[in-house]
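Written out below as structure tokens is the structure these notes cover.
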2 protein chains.
Amino acid sequence: MDKRIKKSKRAIEEALISLMAENDFKDITIHSIAEKADVNRGTIYLHYEDKFDLLEQCIEGKIQKLLNFCLPEGSGSQPSKSSLLRIFHYLEEHSFIFHTLLTNKGVPTFRKKIVTVMKAGMKEQLELNGVNQHINKEILIQFLPSATISVIEWWIIESMP
Amino acid sequence: MDKRIKKSKRAIEEALISLMAENDFKDITIHSIAEKADVNRGTIYLHYEDKFDLLEQCIEGKIQKLLNFCLPEGSGSQPSKSSLLRIFHYLEEHSFIFHTLLTNKGVPTFRKKIVTVMKAGMKEQLELNGVNQHINKEILIQFLPSATISVIEWWIIESMP
DNA sequence: TCTAATCTGTTCATTATTAAACAAAAGCGG
DNA sequence: CCGCTTTTGTTTAATAATGAACAGATTAGA
């Protein structure tokens, strides 16, 4: 992708997150984002529909990056032992971003997105490894992600041990 | 000035300094600067003749910024008491840059430039305030800047108290 | 010394970003 | 409620940056 696009999007999304750390999402204007990102206001509309689409893409990107980093294809869906650990390391490394996305008022989207992704991931895991066959898979899939995300949420918000 | 130009030049000059902190100037290539700055190589030639011109402009810019910040026009060439203090604060704030520019092998330019600027500045000062009239001005002007810069040099290189 | 690799300047067409302007929509204080 | 300011989208022409290519210079190693 063109260097300029990468830089612009990075600046814009970083600005969004930094603003979200201090204001409710609803109070953030495209104007202020452009200012913070040191980018022409028009540039934002070049890549995003509006601020909701921006938040959407931003969240999507963060989740993708987390997954790509923590579940590298090479090892072919590793067992959860080491990958879970990697996830926690990654979250620690980028705690500011995830803390902001999780705690900002008026943005439940992020939590939902993660739960959805985890459901899919776990389903795949369970079908691959025939473990826990004596437990109802469906129930596990419904239950585990929410539980896990709650733990993660707690861990991040309490600024992790 | 166009936002894009500001950003490009800032990235390029920052890259240069960061590279100069770890390599002799002569070993630094335009290639590596472009890489570090995350900028197309051609962009550098859009604003600078070559790496020597880049260093030149970079140094010039740093000196100008220091002067503008420490000798604001409003107060009309203040006496040296507070402005000297401001200079030291500014140097402390930007110590990495000045340390790098002063210590990099093969770049005596920076020291010379500063001495030149100080000579001019002091001359003006002396002509304005009729102080020290009983001392030969010319000798002062020859002597003071070199002495001062030596102190500053020592102060910065020994990572200031 | 010869070769391969890297670096330098420069050119080109394409694309992204900019500044400036605009009308319309919100938001706000009196 | 009514002005006033800010924000939103969108458009325009102008300009800066990009990636790619190129020949020539320099460097490094065999």
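All chains are named by letter (A, B, ...) in the order of the sequence lines, taking the proteins before the strands, and each is independently numbered beginning at 1. Excluded from the calculations below are hydrogen atoms, water molecules and symmetry mates; all remaining heavy atoms, backbone and side chain alike, are included.
- Considering only side-chain atoms of B:Asn40, the nucleotide from C:dT8, D:dG19, C:dT18 that sits closest is D:dG19.
- Residue contacts for B:Lys9: at a heavy-atom cut-off of 4.0 Å it reaches no nucleic acid atom on any strand shown.
- Across the protein-nucleic acid pair, A:Lys26 atom NZ and C:dG27 atom P stand 11 Å apart, rounded to whole Å.
- When every heavy atom of B:Phe69 is checked against every heavy atom of B:Arg86, the shortest pair comes out as O-NE, 3.8 Å.
- With rounding to whole Å, B:Tyr45 atom OH is found 17 Å from C:dC12 atom C1'.
- Between the CE atom of A:Met1 and the C1' atom of C:dT17 there is a distance of 16 Å, given to the nearest Å.
- Side-chain atoms of A:Arg4 come within donor-acceptor range of the base of D:dA17, with a qualifying N/O pair under 3.5 Å.
- The B:Arg41 side chain lies nearest to C:dT8 when the options are C:dT18, D:dT10, C:dT8.
- Across the protein-nucleic acid pair, A:Lys3 atom NZ and D:dA20 atom C1' stand 13 Å apart, rounded to whole Å.
- In the set D:dT8, D:dA17, C:dT8, the nucleotide with an atom closest to the side chain of A:His31 is D:dT8.
- Between the CD1 atom of A:Ile33 and the C1' atom of D:dT6 there is a distance of 15 Å, given to the nearest Å.
- One can place CG of B:Asp53 at 11 Å from P of C:dG9, the figure rounded to the nearest angstrom.
- Closest to the side chain of B:Ile5, out of D:dT18, C:dT17, D:dA16, is D:dA16.
- Looking only at side-chain heavy atoms (C-beta outward), A:Ile30 and A:Asp50 stay at 4.5 Å or farther from each other.
- Here the side chain of B:Thr43 is nearest to one of C:dA16, D:dA17, C:dT17, namely D:dA17.
- Straight-line distance from the NZ atom of A:Lys7 to the P atom of D:dA16: 15 Å, rounded to whole Å.
- Both cation-pi conditions hold for A:Lys51 and A:Phe25: the charged atom is under 6.0 angstrom from the six-membered ring centre and inside a 45 degree cone around its axis.
- Residue B:Gln57 is tested with B:Lys9, B:Glu49, B:Lys62 for a side-chain hydrogen bond (donor to acceptor under 3.5 Å, both in side chains); the sole match is B:Lys9.
- Where A:Lys6 and A:Lys51 each meet DNA chain D at their nearest nucleotide, the meeting point lying more 5' is that of A:Lys51.
- Side-chain contact, B:Arg111 with B:Ser150: a donor N or O sits under 3.5 Å from an acceptor N or O.
- A:Glu35 has its CD atom 13 Å from the P atom of C:dA19, to the nearest Å.
- Note on A:His47: a side-chain N or O is less than 4.0 Å away from OP1 or OP2 of C:dT17.
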